[in-house]
Amino acid sequence: PNMAFFECNGLRLLLSIPENDQFDHPSSTLYFQVEDIQASYRELVNRGVTTLGEPHMIAEMDGIETWMAFFKDPDENIHALMSEVHAK
């Protein structure tokens, strides 16, 4: 209810209001689409990247679950891994 997705010729745009103060700053969040979010998340952790929680489902649309895991870059900007999987 607090987000909108737009499909733009192969590029997905997500607009949302900040969920909390942590996300309320003048920066854009980049979402990196990955095949296996669990493996990609473990790789970030193994490389010492600051993560903001484990992968979790944020939406289900038309039988497809959208999973995300957020992390910080060296400048403290927040980005995310994103994976779409068929709902079970």
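One is the number of the first residue; the rest follow in order along the sequence.
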Would you compute the distance between atom CD1 of I37 and atom CD of E84 and round it to the nearest 0.5 angstrom?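 Taking CD1 in I37 and CD in E84, the distance rounds to 10.5 Å.
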
Rounded to the nearest 0.5 Å, what separation is found between the CG atom of L81 and the CD atom of Q33?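 Here the interatomic distance stands at 11.0 Å.
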
Hydrophobic cluster membership, [X] vs [Y], 4.5 Å side-chain cutoff:
X	Y	result
L44	W67	yes
M3	M68	yes
V49	V34	yes
F32	M57	yes
L30	M82	no

Minimum heavy-atom separation for [X] and [Y], please, with both atom names.
X	Y	value
Y41	G53	CE1-O, 3.3 Å
H56	E54	ND1-O, 3.1 Å
F6	L15	CE1-CD1, 3.7 Å

Quick one: does D75's side chain have a donor or acceptor within less than 3.5 Å of a partner on N77's backbone?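 A pair under 3.5 Å: no.
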
Would the distance check show the side chain of N46 and the main-chain N or O of R42 forming a donor-acceptor pair, the cut-off being under 3.5 Å?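 Looks like yes, one N/O pair under 3.5 Å.
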
Crowded around [X] [atom1]? As in, over 12 foreign heavy atoms under 6.0 Å?
X	atom1	value
E60	CD	yes
E7	CD	yes
H86	NE2	no

Are the side chains of [Y] and [X] in contact, using a 4.5 Å heavy-atom criterion?
X	Y	value
I64	V85	no
Y31	H79	no
S83	E35	no

Output, in order, the C-alpha distance, side-chain angles, deciding distance and verdict of side-chain contact (heavy atoms from CB on, under 4.5 Å) for F71 and T50. CA-CA 6 Å; F71 63 95; T50 300; over 6 Å; no

